[in-house]
There are 2 protein chains.
Amino acid sequence: MELPKVGSIGEYIREQRTQARISLRQLAAQAGVSNPYLSQIERGLRKPSAEILQQIAKGLRISAEALYVQAGFLENREPDSDVLTALRADGTITERQRQVLIDIYESFRKENDAKSGGSEDGDDADPLREQESETTEGQHHDHRHRSQEDH
Amino acid sequence: MELPKVGSIGEYIREQRTQARISLRQLAAQAGVSNPYLSQIERGLRKPSAEILQQIAKGLRISAEALYVQAGFLENREPDSDVLTALRADGTITERQRQVLIDIYESFRKENDAKSGGSEDGDDADPLREQESETTEGQHHDHRHRSQEDH
DNA sequence: GCCTTGTGCTTGCTCTAGCTAGCAATTTAG
DNA sequence: CTAAATTGCTAGCTAGAGCAAGCACAAGGC
């Protein structure tokens with residue numbers, strides 16, 4: 001899976017706009033920003049705030065997060081494991097606690113990646129998964145992984 | 001399970017800062033923003049950009065996303081599953097790693113229960129300190145377990 | 001006591017994000 | 001063809017984000 005490349009927010013917005021086949025003025029109107037400003041943004045002359053990006057995303061009918069990633073406000077995230085999703089949504093721990101748990105969890109996963117060795121290219125996630133399921137089988141756990149192996 | 005409530009970004013930052021037990025000037029220095037400006041932000045006099053929020057998050061050692069949610073730049077996501085359930089089902093970590101994470105997570109929650117049971121004002125600081133020392137112990141513990149696994 | 005250090009805040013300033021008014025070029029409609 | 005509409009852009013302006021310099025107060029050390 002290839003992640004979208006983080007680049008110029010203005011080029012990205014123009015790209016999305018032309019794909020949507022709407023004019024600069026139409027998008028500006030739908031987004032609720034001035035058309036000269038949108039023009040400046042597209043040409044890289046101005047640096048829009050997150051609020052403006054939110055409005056432009058609404059006008060383009062795409063997620064604001066996609067624009068935040070292009071603008072460098074958000075890191076492009078790898079697909080979440082269930083654990084990461086649950087940790088991020090958990091309301092019983094503080095933000096620092098959350099980050100500590102995430103950091104530990106991810107360092108564990110890195111260790112496990114390094115330990116299983118295999119292809120370092122990482123060009124294919126599937127063989128890596130098979131190796132890990134072997135490891136987990138050896139340690140006698142997780143009923144779920146077993147049933148997957150049966151299939 | 002209760003979702004974090006979206007509210008004033010300034011209050012939220014002050015809250016995280018006091019939980020971390022650092023002064024306004026220390027956070028400003030760690031975040032790379034001016035201390036008067038951070039003061040204004042905390043008192044709701046100014047509205048920081050996403051870049052500034054990124055820097056403050058770095059200084060607080062929390063995710064920028066948590067601050068974006070509070071600032072209204074991101075929507076808070078619904079919980080998909082419980083943390084414990086996800087940890088138990090996760091196939092990318094070993095059983096020992098799983099237990100370490102579960103232990104830490106539960107001790108965090110215990111401390112937070114104790115905190116919410118008592119007065120929320122001054123008792124914050126002390127239990128949080130204990131949490132952090134437990135966290136480092138947990139990490140040391142993990143290193144030990146790793147060497148055992150190698151053998 | 002005085003001096004130093006730390007703390008959060010006030011004040012005044014600079015810079016730029018985002019706007020309005022309007023232009024020139026192109027396209028569309030009659 | 002002309003006139004109107006559409007398009008993307010220029011120029012000038014204001015508001016406020018974010019800063020540096022400095023203040024008042026509290027705490028600590030000699």
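Below, all heavy atoms of this structure are taken into account, side chains as well, without hydrogens, waters or symmetry copies. Bear in mind that the values here come from a model prediction, so they are computed numbers and not experimental data. Chain naming here is simple, since letters A, B, ... match the order of the sequence lines and numbering starts at 1 in each.
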Using the side-chain hydrogen bond (donor to acceptor under 3.5 Å, both in side chains) criterion, which residues pair with B:Glu42? Sequence neighbours excluded. B:Arg14, B:Arg17

Would you mind writing out the side-chain donor-acceptor pairs for residues 44-52 of chain A within the sub-3.5 Å range, not counting sequence neighbours?
from    : atom 1 : to      : atom 2 : distance (Å)
A:Lys47 : NZ     : B:Glu51 : OE2    : 3.3
A:Ser49 : OG     : A:Glu51 : OE1    : 3.3
A:Ser49 : OG     : A:Ile52 : N      : 3.4
A:Glu51 : OE2    : B:Lys47 : NZ     : 3.2

Between the main-chain N or O of A:Arg88 and the side-chain N or O of A:Arg98, is there a donor-acceptor pair closer than 3.5 Å? yes

Using a 4.0 Å cut-off to any heavy atom of chain A, which nucleotides of DNA chain D are the first and last in contact, reading 5' to 3'? D:dT7 to D:dT10

Give me the residues of residues 40-48 of chain B where at least one heavy atom lies under 4.0 Å from an atom of DNA chain C, by number, or none. B:Gln40, B:Arg43

With no hydrogens and no angle check, is any side-chain donor or acceptor of A:Tyr68 less than 3.5 Å from a backbone partner on B:Phe73? yes

Would you call B:Leu53 and B:Ile13 a side-chain contact if the rule is heavy atoms closer than 4.5 Å? yes

Hey, can you pull the residues of residues 49-60 of chain A with a non-hydrogen atom under 4.0 angstrom from DNA chain C? A:Ser49, A:Ile52

State which residues pass side-chain hydrogen bond (donor to acceptor under 3.5 Å, both in side chains) with A:Gln40; sequence neighbours excluded, sorted by chain then number. none

Atom pairs, N/O to N/O, protein against nucleotides 4-7 of chain C, distance under 3.5 Å?
from  : atom 1 : to      : atom 2 : distance (Å)
C:dT7 : O4     : B:Arg25 : NH2    : 3.4

Name the residue closer to the 5' end of DNA chain C, choosing between A:Leu38 and B:Pro36 according to the nucleotide with the nearest heavy atom. B:Pro36

Show every donor-acceptor pair shorter than 3.5 Å between a side-chain atom in residues 54-61 of chain A and any protein atom, with sequence neighbours excluded, or say none if there are none.
from    : atom 1 : to      : atom 2 : distance (Å)
A:Gln54 : NE2    : B:Gly72 : O      : 2.9
A:Gln55 : NE2    : A:Ala31 : O      : 3.2
A:Gln55 : NE2    : A:Gly32 : O      : 3.2

How far apart are the closest heavy atoms of B:Asn35 and B:Ala28, and which atoms are they? CA-CB, 3.6 Å

Qualifying residues under side-chain contact (heavy atoms from CB on, under 4.5 Å), relative to A:Ser23, sequence neighbours excluded: A:Arg25, A:Gln26

Under 4.5 Å between any side-chain heavy atoms of A:Leu84 and A:Glu106, yes or no? yes

Closest non-hydrogen atoms of A:Gln70 and A:Ser8, given as atom of the first, atom of the second and distance, are OE1-O, 4.3 Å

Which atom pair, heavy atoms only, marks the closest approach of A:Leu101 to A:Ile93? CD1-CD1, 3.9 Å

